[in-house]
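Presented below is the structure to which this report refers.
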Amino acid sequence: MLNIALPGLNMKNPVMPASGCFAFGKEYGELYDLNCLGAIAIKAATKETRFGNPTPRVAETPGGMLNAIGLQNPGVEKIINEELKWLESFDTPILANIAGKETNDYVYTAEQLSKVPNVGALELNISCPNVKEGGITFGTVPEIAAELTEKVKAVSTVPVYVKLSPNVSDIVGMAKAVEEAGADGLSMINTLMGMRIDLKTQAPVLANKMGGLSGPAIKPVAIRMVYEVSQHVTIPIIGMGGIQDAEDVIEFFLAGASAVAVGTANFVDPLVCPKIIEDLPALLEKMNVSHIDELKGRSWGACQKTSSSR
Amino acid sequence: MLNIALPGLNMKNPVMPASGCFAFGKEYGELYDLNCLGAIAIKAATKETRFGNPTPRVAETPGGMLNAIGLQNPGVEKIINEELKWLESFDTPILANIAGKETNDYVYTAEQLSKVPNVGALELNISCPNVKEGGITFGTVPEIAAELTEKVKAVSTVPVYVKLSPNVSDIVGMAKAVEEAGADGLSMINTLMGMRIDLKTQAPVLANKMGGLSGPAIKPVAIRMVYEVSQHVTIPIIGMGGIQDAEDVIEFFLAGASAVAVGTANFVDPLVCPKIIEDLPALLEKMNVSHIDELKGRSWGACQKTSSSR
Amino acid sequence: MLIDRMEVTDIKEVAEDIFELKVCGDLASRVKEPGQFVHVQAAHSIDTLLRRPISICDVNRESRELTMIFRAEGKGTKRLAECRQGEELNVLGPLGNGFPIESCKPGGTAVLVGGGVGVPPLYYLSRQLKKNGVNVIHVLGFANKQVSFYEKEFSELGPTRLATVDGSAGQKGFVTNVIEEHDITYDIMYACGPVPMLKALEANYSNKPLYLSLEQRMGCAIGACFACTCQTVDPNDEKGYRKVCSDGPVFKAGEVILSC
Amino acid sequence: MLIDRMEVTDIKEVAEDIFELKVCGDLASRVKEPGQFVHVQAAHSIDTLLRRPISICDVNRESRELTMIFRAEGKGTKRLAECRQGEELNVLGPLGNGFPIESCKPGGTAVLVGGGVGVPPLYYLSRQLKKNGVNVIHVLGFANKQVSFYEKEFSELGPTRLATVDGSAGQKGFVTNVIEEHDITYDIMYACGPVPMLKALEANYSNKPLYLSLEQRMGCAIGACFACTCQTVDPNDEKGYRKVCSDGPVFKAGEVILSC
Ligand SMILES: Cc1cc2nc3c(=O)[nH]c(=O)nc-3n(C[C@H](O)[C@H](O)[C@H](O)COP(=O)(O)OP(=O)(O)OC[C@H]3O[C@@H](n4cnc5c(N)ncnc54)[C@H](O)[C@@H]3O)c2cc1C
Ligand SMILES: Cc1cc2nc3c(=O)[nH]c(=O)nc-3n(C[C@H](O)[C@H](O)[C@H](O)COP(=O)(O)OP(=O)(O)OC[C@H]3O[C@@H](n4cnc5c(N)ncnc54)[C@H](O)[C@@H]3O)c2cc1C
Ligand SMILES: Cc1cc2nc3c(=O)[nH]c(=O)nc-3n(C[C@H](O)[C@H](O)[C@H](O)COP(=O)(O)O)c2cc1C
Ligand SMILES: Cc1cc2nc3c(=O)[nH]c(=O)nc-3n(C[C@H](O)[C@H](O)[C@H](O)COP(=O)(O)O)c2cc1C
Ligand code: FES
Ligand code: FES
């Protein structure tokens with residue numbers, strides 16, 4: 001009742017750890033068997049090794065957290081030769097997250113990664129500032145996002161998901177632009193831009209000043225965006241943003257998601273992914289649903305139930 | 001150490017209840033003396049009486065809440081003749097919040113309200129959908145926001161604050177556009193668009209489906225936007241979004257705000273505004289500050305302190 | 001209306017997931033009418049940010065105690081169910097306008113109709129009516145026997161009939177079935193419960209005075225946020241709407257449109 | 001490494017806002033080295049979403065008990081200070097790599113230098129060294145007498161000198177003043193405390209083996225989120241960075257760049 005087939009990702013269940021919150025799996029692999037996961041979204045790969053931002057890189061906020069890791073990663077070559085090699089021993093498809101400073105970076109990294117056997121699909125992280133376009137992020141201008149999608153699609157041998165940034169006025173416009181450009185799926189949402197200031201130092205807590213807000217606090221924004229976008233595109237959506245339990249997963253399905261990713265909650269409870277996977281069947285039974293897929297988009301679909309009160 | 005003079009608003013202290021969370025003061029006036037407040041931002045006035053959206057209109061979310069009140073209000077005439085008349089007995093300036101479906105609505109309402117003696121300034125709520133422009137909100141297109149600001153400024157005899165929506169890709173662009181158009185100040189932020197889906201009914205909790213997310217959850221987004229905008233405009237900013245205590249007020253000042261508004265927290269603790277006002281002096285003393293104004297923008301200003309650890 | 005830090009003096013499970021909570025403080029002496037409610041802070045955590053509206057089930061002016069009965073269902077009420085004796089609860093109230101007890105003359109008969117967790121406010125109402133010399137008849141509807149409560153307490157005040165959806169206690173069916181079949185004669189009816197129940201009562205029993213207590217999701221609970229409004233039946237009503245929190249929660253049948 | 005629901009067996013305030021917390025569970029028997037830490041869930045509330053990293057101050061394998069000492073400062077640690085005996089705490093650990101005790105031969109002398117809430121991990125370290133036949137000398141720095149703790153406990157293991165910023169206990173000044181003035185001879189130095197202290201030690205005492213325990217804001221605490229990295233001093237290091245949580249928190253002086 002949980003298996004989901006998405007472009008490039010044949011999943012035992014719809015739950016995967018979100019990119020950047022799970023590195024390349026080794027650490028959580030010491031706590032549980034990674035075979036139980038639907039898929040694994042690995043940490044963003046860039047063309048070259050990146051050290052990332054100065055520390056502090058994380059801060060707690062009400063119901064959430066900020067991060068400004070700065071895409072630290074060993075570079076695509078090492079990721080392929082070491083991390084993805086290690087992950088081969090698992091029967092779990094990999095969603096390879098990609099970031100870059102300019103279009104060529106993405107294209108290069110995508111081409112390399114798409115050739116790796118256990119990489120089921122690519123996930124383009126378009127929240128990064130585009131140096132060529134003066135630092136505006138790829139993810140805020142539909143035309144730029146579409147162009148990037150097209151170029152990556154042209155070189156990739158596996159399906160391509162585009163991970164949308166929520167920091168936009170018109171998320172539907174963004175989604176439609178990348179769908180038209182050939183995206184096979186969407187991941188949403190990435191983090192909201194936020195900041196926290198320390199009263200003692202009177203300066204931002206993060207060395208990078210701003211960071212990405214994630215966790216339960218952003219769930220309503222994520223649900224709203226999945227709800228809006230799923231009604232305007234035909235490609236599947238991997239929903240994420242604040243998922244903490246099986247109920248949250250159902251909420252994303254009702255909104256229109258076809259699978260989900262869990263980020264911040266891994267830090268709260270390192271066993272959260274297997275726990276959610278374990279809890280889902282009983283919850284579906286309680287809801288009289290024989291397969292989770294049936295719930296997809298029900299909140300805007302035909303068969304809405306009516307509410308009852310005390 | 002708390003008095004603040006902003007365009008049109010001569011405030012005993014920088015704390016005011018946020019628009020829509022305090023109606024026209026009568027209810028909270030039964031719990032405490034409204035004279036203690038720095039100012040009062042009254043509920044949005046529209047040209048005509050509005051009943052608003054169907055219920056449920058509110059929903060709880062992790063660390064926040066959603067609302068879709070739909071600008072219910074008795075219309076500008078009754079507000080002037082009844083509510084503002086009643087408020088005359090207080091020595092507290094009024095910030096009159098204004099909403100509308102098209103530019104002419106705003107202009108009409110603004111003109112009427114600006115003539116009322118105890119209205120110190122106007123606050124344009126530009127998050128409303130603009131019917132003439134096909135439902136896009138005034139608050140997401142800089143040119144439309146600027147045009148509205150100009151037209152309202154032309155008829156208003158009191159200063160005009162523009163209340164920015166956070167649901168945009170480029171908040172600085174919005175702020176600069178309305179500043180150039182003559183705005184005397186900014187209020188930020190209004191709510192983020194969000195949604196919650198009920199697992200039992202499998203439908204959105206709010207009858208209106210989407211609603212505005214407010215409360216502690218959105219504070220990091222608000223702080224980030226005040227921080228960014230305050231470095232690019234010279235007009236003062238009334239900061240809001242998730243304020244719960246005196247520490248939060250200081251955080252907004254450090255980010256660059258010149259005053260603050262408290263919304264959702266009034267529902268959590270109806271005495272929160274007087275409590276914050278009472279708590280501020282001791283906190284400022286602890287910080288070695290003789291006037292709260294000194295803290296304005298310190299997080300990006302010259303005199304940053306260095307951090308210390310254990 | 002005040003904000004009171006009330007001490008929990010007792011908490012117990014009186015039926016499956018149904019808790020009776022007693023708190024003590026000044027607020028108790030301010031209660032004006034049965035049917036008023038309080039707005040309770042479930043936790044000092046942003047996890048359950050908003051307060052929870054709960055009806056006043058009983059008041060003991062001497063011991064300054066207030067009783068609430070609630071169903072532990074969501075986050076907030078589950079947390080409330082974990083309250084321990086001696087703990088402090090932040091309570092805002094008493095709020096709203098309750099049931100007009102003066103509307104029934106001494107010697108007259110009142111039928112009190114409750115459904116589920118709509119039953120609690122009827123208890124204080126019944127006690128007050130009885131004190132005024134009014135004969136009280138109770139018709140209480142529950143999903144099943146396991147979640148039914150206070151049958152004994154109501155029986156001590158007057159005849160009490162139960163209806164359960166599954167027939168596990170009292171009569172099988174709804175409260176309206178009970179009222180019909182027993183052909184109860186009365187002067188006034190007071191009701192609190194799910195909207196479908198209130199609608200059924202309004203459709204069938206509007207010939208005599210009928211008062212209904214409504215429920216709505218709330219923000220402030222004091223009339224300031226416009227979260228809880230409902231429209232008036234009369235299209236020419238001056239305001240056109242009522243706030244459940246401050247104009248209600250009790251309305252005369254036909255005053256506002258019932259919607260779920 | 002495991003996630004253990006540990007039972008709080010004792011909690012007490014050992015100095016102003018400084019709490020000693022004892023918890024019991026399987027995790028205690030997994031501790032490998034002094035200097036390791038645990039990642040504690042302060043509350044089941046999204047109010048304090050992230051766990052808090054706290055050093056292991058002592059381990060009692062027989063009673064399966066683990067001791068932590070922490071300063072109640074922010075939301076999470078204040079909540080932890082409210083823990084009551086019998087309560088369950090969700091603890092992830094043991095984490096990281098601690099102080100290499102084998103680096104000091106039996107009969108040798110180790111100086112343990114701690115500052116503020118950097119002192120706790122040195123206690124278990126001192127006990128382990130002593131057990132190995134190493135002579136231990138303690139130099140502990142605190143802001144003032146009120147916030148100083150464990151002087152007696154350390155004294156039982158070896159000579160213990162205090163430094164306080166205001167001179168209210170021990171010598172007035174910093175730990176470095178104490179070390180200088182008493183011209184302590186030793187074979188190895190272990191330190192944990194604020195970065196300025198660690199920097200001063202690194203600048204002056206790198207001629208002999210020196211191990212430093214670092215602190216950094218953490219997300220996962222197991223090496224998966226890259227929140228806690230610091231750069232290596234060696235620009236040609238293969239990775240160029242270390243994670244404080246999983247490569248550290250203890251590093252040999254000169255391995256990573258200290259920054260605050
Ligand atoms: C005037 C009034 C009197 C009430 N009296 C009682 C009573 O005596 N006993 C009792 O058990 N229940 C009563 N209720 C219903 C009670 O308020 C809700 O069951 C409760 O708020 C649900 O909170 P939760 O934490 O269980 O659910 P959650 O799902 O965690 O609640 C989330 C949010 O939705 C609101 N909410 C959810 N369901 C309802 C509802 N049915 N009505 C209003 N708000 C809701 C909550 O207040 C909260 O803001 C009353 C409601 C009103 C309006
Ligand atoms: C490996 C390690 C061992 C530690 N051992 C101890 C110990 O034994 N005793 C002790 O009192 N303290 C220790 N600390 C510091 C302790 O983790 C922080 O004081 C604590 O996390 C602050 O939480 P709070 O709830 O008081 O503050 P808040 O301000 O509410 O914390 C907000 C967020 O910032 C983080 N944070 C704030 N200050 C620090 C800090 N100095 N270091 C790391 N994260 C921080 C918190 O973990 C949390 O995620 C240790 C830190 C590390 C990294
Ligand atoms: C510490 C951290 C690092 C992240 N790194 C990445 C990344 O490298 N690439 C990416 O696309 N998203 C990254 N994200 C975003 C998450 O994948 C996810 O979209 C977001 O956190 C929302 O989900 P959550 O609320 O469950 O955490 C990161 C998030 C966190 C908290
Ligand atoms: C119930 C409710 C009603 C609101 N109504 C208005 C309104 O009429 N006009 C307006 O400009 N903002 C309105 N707001 C937004 C608030 O003024 C404020 O900008 C926002 O809630 C963020 O602050 P907070 O987190 O302190 O609530 C409303 C907010 C809430 C919660
Ligand atoms: S709940 Fe705010 S007006 Fe009724
Ligand atoms: S805290 Fe996550 S890698 Fe160290």
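A, B, ... follow the sequence lines: proteins, then strands. Residue 1 opens every chain. All heavy atoms count here, side chains included; hydrogens, waters and symmetry mates do not.
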Does A:Glu77, at its CD atom, have more than 12 non-hydrogen atoms belonging to other residues, nucleotides or ligands within less than 6.0 Å?
no
Should we say atom NZ of A:Lys12 is surrounded by more than 12 heavy atoms from elsewhere, each under 6.0 Å from it?
yes
Take a 6.0 Å sphere around NZ of D:Lys252 and say whether it holds more than 12 heavy atoms from other residues, nucleotides or ligands.
yes
Greatest number of non-hydrogen atom pairs under 4.5 angstrom with chain A, of D:Ser45, D:Cys220, D:Gly76, falls to D:Cys220
Minimum side-chain heavy-atom gap A:Pro270-D:Ile3 below 4.5 Å:
yes
Determine whether D:Leu50 and A:Met65 make a side-chain contact, defined as any pair of heavy atoms from C-beta on separated by less than 4.5 Å.
yes
Give, for atom CG of A:Leu71 and atom CZ of D:Phe226, the distance between the pair rounded to the nearest 0.5 Å.
11.0 Å
Using a cut-off of under 4.5 Å for heavy-atom pairs, which of D:Leu92, D:Leu49, D:Ile46 has the most such pairs with chain A?
D:Leu49
Tell me, for A:Thr264 versus chain D, whether the close heavy atoms (under 4.5 Å) come from the side chain, the backbone, both or neither.
side chain
Part of A:Lys26 within contact of chain D (heavy atom distance under 4.5 Å):
neither
Tightest non-hydrogen contact, residues A:Phe267 and D:Cys225, listed as CZ-CB, 3.5 Å
Look up atom CD in A:Glu60 and atom CE in D:Met218, then write down how far apart they are to the nearest 0.5 Å.
14.5 Å
Kindly compute the distance separating CG (D:Asn90) from CG (A:Asp269), expressed to the nearest 0.5 Å.
6.5 Å
Distance col, row A:Arg57:CZ vs D:Arg217:CZ, nearest 0.5 angstrom, shows 14.5 Å
Work out which heavy atom in A:Ala23 is nearest to a heavy atom in D:Gly223; give both atom names and the distance.
CB-O, 4.5 Å
CD of D:Glu215 to OG1 of A:Thr55, rounded to nearest 0.5 Å, is 11.5 Å
Does the pair A:Gln72 and D:Thr229 meet the rule for a side-chain hydrogen bond (donor to acceptor under 3.5 Å, both in side chains), with working shown?
CA-CA 9 Å; A:Gln72 175 160 16; D:Thr229 51; 3.1 Å; yes
Student check: side-chain heavy atoms of D:Gln216 and A:Pro56 closer than 4.5 Å
yes
